[in-house]
Amino acid sequence: MKILEDIKYHKEHTWVKVSGKKAIIGITDYAQEQLGDIVYIDLPEVDSEVEANTEIAEIESTKATSSVISPVTGVVIEVNEELAESPEIINEDPYGRGWIAKIEIEDPSELDDLMDASEYARFIEEEGK
Amino acid sequence: MRLLVIGAGPGGYVAAIRAAQLGAQVTVIEEREVGGTCLNLGCIPTKVMVASSEVLHIVRKAEEYGIIVNGEVVPDLKKIMERKDKVISTQVKGIRSLFKLRNIQLVEGKGELIDEKRVRVINKQGVEEIIDADAIIIATGSRPANIPAFPIDGKNILSSDDVWNLTEIPKSMIIIGAGVIGCEFACIFRELGTEITMVELLPRVLSTEDEEISEIMEKELKKKRIKLLTSVKVESAATSDSGVTLRLSDGKELVAQKVLVSIGRSFNSEGLGLERLGIEKGQKGEVKVNERMETNIKGIFAIGDVTGGILLAHVASKEGLVAAKNVCGGDEKIDYSVVPSAIFTSPEIASVGLREFQAKERGIPVVTGTFQYRALGRAHAMGEITGLFKIVADAKTDKILGVHIIGAHASDIIHEGVLAIKAGLKVKELADMIHAHPTLAEGLMEAAEDVHNMAIHKAG
């Protein structure tokens, strides 16, 4: 299972990569593994507002439907349209081509509440027990 | 007992047969064709369309099932309509032969009450006939509602009746009203290739269903690339060569080749001479009846859509049975406490009893259990993993109050819930019942278990 170093993690198994005021979010490799084959993602609308710790998208896999929880607050500036046709990309490349949305963040201090790679690694190890 | 039934839809024809079984001498007057809206314009022809669109859907994803289809897969509306006509004519013949078997006389024409015992019929040739009766059942049904903002012209602005005159699959269509009829046609035509936009005045589709069911349906519509606009009113419609332009309450404009209006139904209570007899009608023109299905005039009964209650064919049939019994000396009352409904969208929806929001409105403390289709082996084998079972139960007594299903074959599976509620079963009793494996019905058992957080195949 992959955990990347340069991004932040939310306990609901989403990741965020920030550069300036822009953030890219997605779900973690652990999350996609738990979900199994993803068959659909209900993407947010561009220009919609999202709040940290609330649902930004909904994913359906062959096993379950589950909420994607946004790690940050802000406005959606772009969504990954490619996922509408091929949601399985999230399984294949959750940190890369499987990104979900780009968000203009409101409050960068929210990032301090998130985990770094080693903290997230410990977190999922705990959760797995 | 000489009984006269006006209207041979699922209310009228069932009442006629039952009364004949009970010994009445029955005459039925029908202006169009036996079977009424249900058989000729509604339930049955739409299900023929649903069947064709399902075949198309399956063939299109045949490869997922390991079946290679070579060549083009194209729907042929003309052939679909021919099949529809064949299905209808078989059913029509069936009703006509049941009438013959029971010595029920069918008079084709338009009936009008002269007094409490006599009806004038003008047949298709314009010949007038007076028929005497000891009792009369009015079963004239309903028709698509038409409102001035978007007048139905049958060509570009269609009612659900006009759909059957289409000769080509429309390129684009706006559906006004996201109720049962609107949602069914949206799913059918989308599969056939039409670009669909739905406009709904209320905040959600299928507003009488449980909110969780509406939510899933909305998502399914989105998956099909059906555009849905809610909480919006259509202000006006203008027809031109290129199609119809609708102006919406939010200032936006929509253009499509065709518009389908599915905003409700009007009652066929005019021209029947009801006013002459002083038969009471409600504000919307519905004929008022008591629990025995009798109007304020003794011996004159009314059943089905024209009474304005629950506009469902199977409710009309039940009302017909009650009226027939009462005509023949019985004293039966209609019971609406357990009425299932089925919506033939893709996926299907079926429900019976209390919705969760209704429980809240009525202050009934309830607990719910849910279970997803995608957790069932059979659903995976079928390739139909979208769907949800939901049970609403009394928090104190554990009695099942409502069952709601969205997913493949919901309209068949619901009857287990209907029986459970009718029999007053508790959640535990349904959960304890052995369900065959692998079936979709197992999902109902799991949803029952989930009410007590004991579903086997559910995480968390």
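Letters A, B, ... are given to chains in the order of the sequence lines, protein chains preceding strands, and every chain is numbered from 1.
- Closest of all the heavy-atom pairs between Ile385(B) and Val39(A) is CD1-CG2, 4.4 Å.
- Proximity to chain A (any heavy atom under 4.5 Å) is shown, for His457(B), by neither the backbone nor the side chain.
- For the pair Lys223(B) and Asp42(A), the minimum side-chain heavy-atom distance is 4.5 Å or more.
- Residue Ile41(A): no heavy atom, backbone or side chain, is found under 4.5 Å from chain B.
- With a 4.5 Å cut-off on side-chain heavy atoms, Thr62(A) and Arg374(B) do not count as touching.
- In this structure, Lys17(A) places its NZ atom where only 12 or fewer heavy-atom neighbours from other residues, nucleotides or ligands lie under 6.0 Å away.
- Atom-to-atom distance recorded for Lys63(A):NZ and Gln372(B):CD is 13.0 Å, nearest 0.5 angstrom.
- By the 6.0 Å contact criterion, CD1 on Ile68(B) is enclosed, its count of non-hydrogen atoms from other residues, nucleotides or ligands being greater than 12.
- Counted within 6.0 Å of NE2 on His409(B), heavy atoms from surrounding residues, nucleotides or ligands total 12 or fewer; the atom is thus considered open.
- By the neighbour-count criterion of 12 heavy atoms within 6.0 Å, atom NZ of Lys233(B) is sparsely surrounded, having that number or fewer from other residues, nucleotides or ligands.
- Residue contact with chain B, scored on non-hydrogen atoms closer than 4.5 Å, involves the backbone and the side chain of Thr65(A) alike.
- With sequence neighbours left out, the side-chain contact (heavy atoms from CB on, under 4.5 Å) criterion links Lys224(B) to Cys187(B), Arg190(B), Ile226(B), Ser346(B).
- In summary, Glu58(A) and Lys222(B) do not engage in a salt bridge, as defined by a charged side-chain N under 4.0 Å from a carboxylate O.
- Enclosure of atom CD1 in Ile77(A) by more than 12 non-hydrogen atoms of other residues, nucleotides or ligands within 6.0 angstrom is indicated.
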